[in-house]
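In what follows, a single structure is set out as structure tokens and then discussed.
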Amino acid sequence: MWMPPGQNQSWVSEFILLGFSSDPTTNRTLFGAFLLFLSSVLGNGLIITLICLDTHLHTPMYFFLCILSLLDMGCVTTTVPQMLIHLSRSQTISFAGCWLQMYIFGAVGLTECILFVVMAFDWYVAICYPLRYTVILSWGLCTRLSARTWACGFFSSLIHTFFTMRLPYCGPNVVNHYFCEGPSVRNLACMDTHVIEMVDLVIRVFMVVAPLLLIVASYIRIVQAILKFKSMQARCKAFSTCASHLTVITFFYAPATYLYMRPNSSYSPEQDKQVSLFYNVFTALLNPVVYSLRNKDMKRAFLRVMGR
């Protein structure tokens with residue numbers, strides 16, 4: 001609902017999330033699909049548990065994988081439970097709830113953007129400087145990299161959310177999305193949003209484009225190092241791992257770049273919701289499979305933990 005205007009001002013006290021469809025049959029299908037996607041929470045939760053319990057996995061690589069799984073869980077749990085509620089009951093979300101959802105989703109997503117850079121650096125050191133790996137990536141450095149990654153992501157999201165939610169919203173209050181996504185909410189503002197869009201563009205360049213360029217540069221160096229391996233078996237194994245990492249990075253950055261780095265003139269609500277669902281949920285489901293559940297160390301850790 002939106003509150004009637006006073007003499008000089010009007011405002012909304014809550015938003016209505018339109019979601020995917022008003023058809024009950026479609027909503028029931030989506031409800032079942034989203035419940036299946038919640039299995040990503042179990043997969044990522046299993047990874048975190050194994051890494052915490054098994055001392056053999058207390059290495060920089062698995063430390064960063066643990067953080068990735070935690071971020072994936074945060075991404076899914078920030079949007080999917082609310083979406084399930086809206087499919088079965090009310091579609092409204094309070095102004096404060098919308099503010100919080102936008103902030104946490106943005107913080108988790110931006111933190112993950114930077115974490116992929118850190119993970120690429122980890123892989124670069126492991127391939128190019130294997131004998132000095134533990135010296136270069138000390139626990140002190142890993143802790144500092146992790147803390148700065150979280151700080152950058154959450155601070156950047158705070159700027160984005162603050163500027164978006166302090167805009168005047170006079171009604172209508174229907175958000176054409178399944179969660180409080182920044183651009184979709186900002187479209188309802190009662191004033192020109194050009195300045196806010198420029199602020200968002202600067203954040204995206206530093207938090208999406210710059211990390212992606214650093215990842216590409218890291219993997220170029222990694223490939224060059226792999227090509228120098230004398231053993232064909234070692235090359236194939238390294239390229240297989242590299243391909244798995246790049247698959248996850250592609251599935252994360254491709255939809256993110258499409259959604260947040262294109263001009264507003266090409267905005268398509270229905271298509272954007274589908275791409276956003278893929279970006280939000282599918283990558284969180286894919287990461288445990290690609291990064292960890294196919295990993296022999298993780299399988300051995302699972303057997304050790306289950307054998308206790």
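Worth saying up front: this structure is predicted, and the values here are computed from it rather than measured. When a residue number appears, it is its place in the shown sequence, counting from 1.
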Side chain Glu14, main chain Thr92, donor-acceptor under 3.5 Å: no

Pair Tyr219-Cys242, side chain to side chain contact (heavy atoms under 4.5 Å, CB included): steps then yes or no: CA-CA 8 Å; Tyr219 274 93; Cys242 208; 3.3 Å; yes

Val195 reachable from Met165 in the ILVMFWY side-chain graph, under 4.5 Å edges: no

Within 6.0 Å of CZ in Arg221, more than 12 heavy atoms from elsewhere: no

Asp200 side chain reached by Arg186 side chain, heavy atoms, under 4.5 Å: yes

Cys pair Cys66, Cys52: SG separation below 2.5 Å: no

Atom pair CZ (Arg166) and OG1 (Thr161), whose distance is rounded to the nearest 0.5 Å: 13.5 Å

Met198 and Val202, any side-chain heavy atoms less than 4.5 Å apart: no

Pairwise distance SG(Cys113) to CG(Leu71) - rounded to 0.5 angstrom: 10.5 Å

Approximate separation, where rounding is to 0.5 Å, of Leu65 CG and Asp122 CG: 8.0 Å

Side chain to side chain contact (heavy atoms under 4.5 Å, CB included) evaluation trace for Tyr129 with Val135: CA-CA 10 Å; Tyr129 305 99; Val135 176; over 6 Å; no

Donor-acceptor contact below 3.5 Å, side chain Thr149 vs main chain Leu145: yes

Geometric class of the Phe179/His177 ring pair [parallel <30°, tilted 30-60°, perpendicular >60°]: perpendicular

Distance (rounded to the nearest 0.5 Å) between Ser276 OG and Phe105 CZ: 5.0 Å

Nearest heavy-atom neighbours spanning Gly45 and Thr49: O-OG1, 2.8 Å

Closest approach of Cys170 to Val12 (non-hydrogen atoms, all atoms of both residues): C-CG1, 4.2 Å

Beyond-backbone contact of Lys273 with Asn176, side-chain heavy atoms, under 4.5 angstrom: yes

Distance-minimising heavy-atom pair for Val175 and Ser184: CG1-CB, 3.9 Å

Polar side-chain atom of Glu112 near backbone of Leu68 as donor-acceptor pair, under 3.5 Å: no

Any donor-acceptor pair under 3.5 Å from Ser157 side chain to Tyr103 backbone: yes

Full working for side chain to side chain contact (heavy atoms under 4.5 Å, CB included) between Asn280 and Tyr178: CA-CA 11 Å; Asn280 179 11; Tyr178 65 90; 3.5 Å; yes

Co-membership, hydrophobic cluster, residues Leu158 and Val199, 4.5 Å side-chain: yes

Single-linkage hydrophobic cluster Ile51~Val305, side-chain heavy atoms < 4.5 angstrom: yes

From CA spacing to verdict: side chain to side chain contact (heavy atoms under 4.5 Å, CB included), Ile48, Met73: CA-CA 10 Å; Ile48 295 171; Met73 288 180 65; 3.7 Å; yes

Heavy-atom closest contact (Ser218 atom, Tyr124 atom, distance): O-CD1, 4.3 Å

Side-chain heavy atoms of Tyr260 within contact of Val208, under 4.5 Å: no

Phe15 vs Leu188 side-chain heavy atoms within contact, under 4.5 Å: yes

Note, Gln101 side chain near Thr78 side chain (heavy atom, < 4.5 Å): yes

In one Ile/Leu/Val/Met/Phe/Trp/Tyr side-chain cluster, 4.5 Å: Ile226, Met232: no

Spatial distance of atom OG1 (Thr193) from atom CG (Leu167) [nearest 0.5 Å]: 7.0 Å

Side-chain heavy atoms of Leu50 within contact of Leu46, under 4.5 Å: yes

Single-linkage hydrophobic cluster Leu42~Met298, side-chain heavy atoms < 4.5 angstrom: no

Distance-minimising heavy-atom pair for Tyr133 and Pro60: OH-CB, 3.5 Å

Leu110 vs Cys152 side-chain heavy atoms within contact, under 4.5 Å: no

Point-to-point distance, once rounded to the nearest 0.5 Å, from CZ of Phe155 to CD1 of Ile203: 9.0 Å

Smallest separation among heavy atoms of Asn44 and Ala284, with atom names: ND2-O, 3.0 Å

Arg204 side chain to Val209 backbone, donor-acceptor under 3.5 Å: no

Side-chain donor-acceptor contact under 3.5 Å, His56 with Asp54: yes

Over 12 non-hydrogen atoms of neighbours within 6.0 angstrom of CZ in Phe206: no

Residues Tyr62 and Asp297: side-chain donor-acceptor under 3.5 angstrom: yes

